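Every chain is numbered from 1 and lettered A, B, ... according to where its sequence line falls, protein lines coming before strand lines. Everything numeric here is computed off the predicted structure, so don't read it as measured data.
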Amino acid sequence: MANSPKTFVFLDLETTGLKGDLPKITEICLVAVHLSSLENRVTDEAGQLELPRILDKMCLCVDPGKPITSYASEITGLSNNNLVKNEKQDFNPCLVHIINEFLSRQAQPVCFVAHNGFLFDFPLLKTELQKQEGTSLTSSLLCMDTVEVFKFLDMQVGIRRESRDYAQAQIYRRAYRKPPQNCHNAEGDVLALIMIFLSKADQILEKETMSNNCMRWGEISPMYG
DNA sequence: TGCCAGGCCCTCTTTAGGGCCTT
């Protein structure tokens, strides 16, 4: 990899449903962490890893303009009714501008990180962006999927991938011996994602792991549309 | 009519089937 990322932007989307529903985004959360905070980790008095103090955070709710499935509504707490009542805007050029400005404030290059990102978050975000004429993210932006990264790291030490559960909550439990908090709230999921990244940060940041597990934004195909 | 993801990976595979991971 020619240029190693200086900033990792952890990403989570809440949506109206899964792929079969041609989902739309109901909430987006981005949290940027500088490389130095991932390399120089902070622990509490008990020696437990802590979130870095310096975080740039952005969470926005979005009116999807289509029905949210009952299960998605139940787990995320977002309904068509409460999004409309709170007068949330749809996924529009203004939101794309905000995302771009958020990214441009970070030390470059930037790497997106999402759990199952290659199959869900990145393709769906690309679909939503493609609907907005004249808007895009820089194609040189890097993307990493922590499902693939954790499988890669396990394989390196001889753990067979089919012998483990790679759901984010399970990886969190293995690392911290307790369940993550605020699941299916975009910010809660992103903070848990940062914590699982921190638990293996040294290995993830190795050149071999990065070069084997990163794609460029330009290589991501839209989910649909 | 009723049902409905899907690309990827694994293995008791390859003329196939099943599970994963996200909301």
Peer 1: Take the angle between the ring planes of F122(A) and F112(A) and call it parallel below 30°, perpendicular above 60°, tilted in between.
Peer 2: parallel
Peer 1: Base, sugar-phosphate, or nothing: which does D189(A) touch, judged by heavy atoms less than 4.0 Å apart?
Peer 2: sugar-phosphate
Peer 1: Would you find more than 12 non-hydrogen atoms of other residues, nucleotides or ligands less than 6.0 Å from Q181(A) atom CD?
Peer 2: no
Peer 1: Rounding to an integer number of angstrom, what distance separates dC4(B) and dC10(B) when you compare their C1' atoms?
Peer 2: 25 Å
Peer 1: Would you say the side chains of Q106(A) and D56(A) form a donor-acceptor pair under 3.5 Å?
Peer 2: yes
Peer 1: Indicate, with a heavy-atom threshold strictly under 4.0 Å, whether D21(A) touches base, sugar-phosphate, or nothing.
Peer 2: nothing
Peer 1: With a strict under 4.0 Å distance from non-hydrogen atoms of chain A, what nucleotide opens and what nucleotide closes the contacted stretch of DNA chain B, reading 5' to 3'?
Peer 2: dA5(B) to dT23(B)
Peer 1: Which residue lies toward the 5' end of DNA chain B, K19(A) or D121(A), if each is placed at its nearest nucleotide?
Peer 2: K19(A)
Peer 1: Could you tell me whether R105(A) atom CZ has more than 12 heavy atoms of other residues or ligands within 6.0 Å of it?
Peer 2: no
Peer 1: Got R216(A) and L141(A) here, is their nearest side-chain heavy-atom distance under 4.5 Å?
Peer 2: no
Peer 1: For residues 144-155 of chain A, which residue pairs qualify under side chain to side chain donor-acceptor pair (under 3.5 Å), counting only residues two or more places apart or in two chains?
Peer 2: H115(A)-T146(A), D154(A)-R164(A), D154(A)-Y166(A)
Peer 1: Quick check on DNA chain B: between M155(A) and G17(A), whose nearest nucleotide comes earlier from the 5' end?
Peer 2: M155(A)
Peer 1: If you count the non-hydrogen atoms of other residues, nucleotides and ligands that lie under 6.0 Å from NZ in K66(A), is the total more than 12?
Peer 2: yes
Peer 1: If we take the C1' atom in both dC8(B) and dT13(B), what is their distance in whole Å?
Peer 2: 15 Å
Peer 1: Between dA5(B) and dT23(B), how far apart are the two C1' atoms, rounded to whole Å?
Peer 2: 12 Å
Peer 1: When we call it a touch if two heavy atoms are under 4.0 Å apart, what does L13(A) touch: a base, just sugar-phosphate, or nothing?
Peer 2: sugar-phosphate
Peer 1: Remember a base hit wins even if backbone is also touched, and classify F118(A) as base, sugar-phosphate or nothing at under 4.0 Å, heavy atoms.
Peer 2: nothing
Peer 1: Using atom C1' in both nucleotides, what's the gap between dC12(B) and dG18(B) to the nearest angstrom?
Peer 2: 12 Å
Peer 1: With P as the reference atom in both, quote the distance from dT1(B) to dC20(B) in angstrom, rounded to an integer.
Peer 2: 34 Å
